[in-house]
Amino acid sequence: MKDSFDRTIDYVRIAVTDRCNLRCFYCMPAEGIPYEPKQHLLSYEEITRVLRVLGGLGFRKVRFTGGEPFLRKDFMQLLENTAGLPDYDSIHITSNGTLLQKHIPRLKQLGITKINLSIDSLDPERFHKITRRNDFDKVMRTFALLVENGFKIKLNAVIMHGINTQDIIPLAELAKTHPVDVRFIEEMPFNGGYKENLKLYRAKDIHTDLKAQYPGLEMLPSEHGDTADLIKVPGYQGNIGVIAAFSRTFCHTCNRLRISSKGEIKTCLYDGGVFNIRDYMRSGVTDKELAKKFQELVKLKPKDGFAAEQSRTNTTTPLESMSVIGG
Ligand code: SAM
Ligand code: SF4
C-alpha cells in the first residue's frame, strides 16, 4: 500500500499492552501511568483480525511491543496465532527482557527469532537508575541465552546526555564480541509525565563518538524502512545503528503504521492518534470495510514527524508514555 508520499507501507507495530514491570524514566513516571481497563485493550482475536486484513493489503512485517509484551497474559498464544498467518515474512518483538527467558524454546519452535532487547547501560547501577528496577542480571542472562540459542538480536539503547553516554562504546563493543546489532536511539518526549527537560544527546553527537573510537568505520546503505544510519566496524560481527528519533531525519523511508494497546492508530509516532480501530471493529464492520478504512488511514500519513507534531490537537505536555505507543 502506498501513502500520499509514495512510500510503501508494509510494517505494523502493535502495542499489546500499556502495562510494564519497569519504570524507565524516559518512558514513564516513577509512580507509573493510569492503565487502561483490560476490556479497553484490543483482544487477541481483534489483533489477529487486524493482522489478517493488513496482510491482505500487503503488510509483511509485524512487531509486537508494549508496555512489556510478555506481561500480557497468554502472549505466546497471540504469537502462535500470528505465526499461523500466511502473509507475514517476519514476526518481531521488542522486550525489556525481564520475562521472556522461559519462553525461549517455544519462540524458537515458532521461528520467532527476531527480538529487540532494550538495554540502556552495561553498568548495573546506571541500569537501575534508568529503569528504577533491579533486573540487570536477569536481563543480561536473557541476552546471553538468546545469543546462545541463535536469536537475531538488536539491542536498543536510548542515549541521554549526562546519563549513559559513557555506555556508547561498551554497548557498541557487544557487536564485536557477539553476533548482535546495536541501536542507539535519541530520547523522545513521550514519557507520560516525567517533568524535566529531555536529556537530549543528538544522533550527530553519537556519530562523533563512534567515529572517534572507530576511525575505520563504514556507513552501510540503508534498506527499505530503515530508520537507523547503519555503521559497520570492520571485523565486527554485528552492525551499529544510530536512530535520530527526535531529529527525525529518516521520515522519507518510513514504512510503518502503529496501533496502540487500545486500538488507536498512529500514522506517525508524533501524531496524537488519528482513529480508533477497536471501536470501529466493535461497531460490527466487515473485513472489507476494515480494509477500506486502513487504506484511508494510510493516506493520512504525514510527510514527516514535524508535520505530525503540528497536527496534534493535544499539545499539552507531558505527552503520553511510550509504553502506550510501543516505541
Ligand atoms: N517494554 C519493551 C522495551 O522496553 O523494550 C517494549 C516497549 S518500549 C516503549 C519500546 C522501545 O521504546 C524501547 O527500546 C525503549 O527504550 C524505547 N523508548 C521508550 N521511551 C522512549 C523515549 N522517551 N524516547 C526514545 N525511546 C524510548
Ligand atoms: Fe517499560 Fe519498555 Fe517503557 Fe521501560 S521502555 S518502562 S521497559 S515500556
Side-chain angles (χ1 to χ4, degrees), residues 13-33 35-36 62-72 75 92-100 103 114-121 126-136 138-139 142-143 146 151 153-161 163-164 167 171 180-203 206 227-228 241-248 250 256 258-261 266 269-270 305 309 317-327:
R13 301 170 59 108
I14 303 183
V16 298
T17 178
D18 54 356
R19 290 152 170 78
C20 193
N21 54 338
L22 300 189
R23 287 287 179 276
C24 306
F25 78 86
Y26 52 74
C27 177
M28 275 199 206
E31 66 277 16
I33 53 166
Y35 291 142
E36 288 290 326
V62 52
R63 175 176 304 282
F64 294 115
T65 169
E68 175 47 40
F70 286 93
L71 202 54
R72 182 151 173 192
F75 176 52
H92 301 240
I93 303 169
T94 302
S95 167
N96 64 28
T98 54
L99 304 167
L100 75 72
H103 300 296
K114 293 179 175 167
I115 297 194
N116 285 14
L117 210 55
S118 302
I119 304 180
D120 301 311
S121 177
R126 273 197 297 282
F127 182 93
H128 180 259
K129 194 172 163 203
I130 294 170
T131 63
R132 303 187 181 110
R133 294 290 185 271
N134 246 334
D135 286 318
F136 179 75
K138 204 193 288 175
V139 173
T142 301
F143 169 68
L146 287 169
F151 281 72
I153 299 171
K154 271 189 203 153
L155 216 143
N156 282 349
V158 179
I159 298 299
M160 294 154 289
H161 187 75
I163 302 286
N164 62 345
D167 282 293
L171 283 164
V180 300
D181 296 333
V182 180
R183 296 287 176 264
F184 298 114
I185 308 171
E186 284 179 347
E187 186 185 6
M188 292 174 266
F190 302 103
N191 54 50
Y194 170 67
K195 296 284 194 302
E196 287 179 44
N197 293 334
L198 291 194
K199 302 189 181 301
L200 196 58
Y201 196 70
R202 293 261 182 188
I206 301 173
T227 50
V242 181
I243 303 181
F246 185 81
S247 304
R248 285 162 262 181
F250 50 71
R256 293 138 197 244
R258 288 181 166 80
I259 307 183
S260 79
S261 52
K266 268 180 177 269
L269 220 158
Y270 282 84
E309 196 175 0
T317 49
L319 297 178
E320 63 272 25
S321 162
M322 195 65 99
S323 73
V324 173
I325 308 171

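In each ligand, atom 1 is the first atom listed, and ligand 1 is the first ligand listed. These numbers come from the heavy atoms of this one structure, side chains and all, not from hydrogens, waters or symmetry mates.
Residues Leu198 and Tyr26 form no side-chain contact, since every pair of their non-hydrogen atoms from C-beta on lies 4.5 Å or further apart. Side-chain contact between Lys266 and Ser260 is absent, with no heavy-atom pair separated by less than 4.5 Å. The side-chain heavy atoms of Cys27 and Asn191, taken from C-beta on, include no pair separated by under 4.5 Å. In this structure, Ile33 and Tyr35 have side chains that are in contact, with non-hydrogen atoms separated by less than 4.5 Å.
For the pair Arg72 and Phe70, the cation does not sit on the ring face, since its NZ or CZ is not both under 6.0 Å from the ring centre and inside 45° of the axis.
Using a 4.0 Å cutoff on heavy atoms, Gly66 does not count as a contact of ligand 2.
Using modelled atom types and a 3.5 Å distance limit, the side chains of Asp167 and Ser121 yield a donor-acceptor pair. With 3.5 Å as the limit, one finds a donor-acceptor pair spanning the side chains of Glu68 and Ser95. Neither side chain, Thr98 nor Asp135, offers a donor N or O lying under 3.5 Å from an acceptor on the other.
Within the 3.5 Å criterion, the main-chain N or O of Ala203 finds a donor-acceptor partner in the side chain of Glu186.
Protein neighbours of ligand 1 below 4.0 Å, counting non-hydrogen atoms: Tyr26, Cys27, Thr65, Gly66, Gly67, Glu68, Thr94, Ser95, Asn96, Ser118, Asn156, Val158, Glu186, Glu187, Met188, Phe190, Met322, Gly326, Gly327.
The aromatic rings of Tyr201 and His161 lie parallel to each other, their planes meeting at an angle below 30°, with 60° marking the opposite boundary.
Around atom 4 (Fe) of ligand 2, protein N, O or S atoms at less than 2.8 Å number 1.
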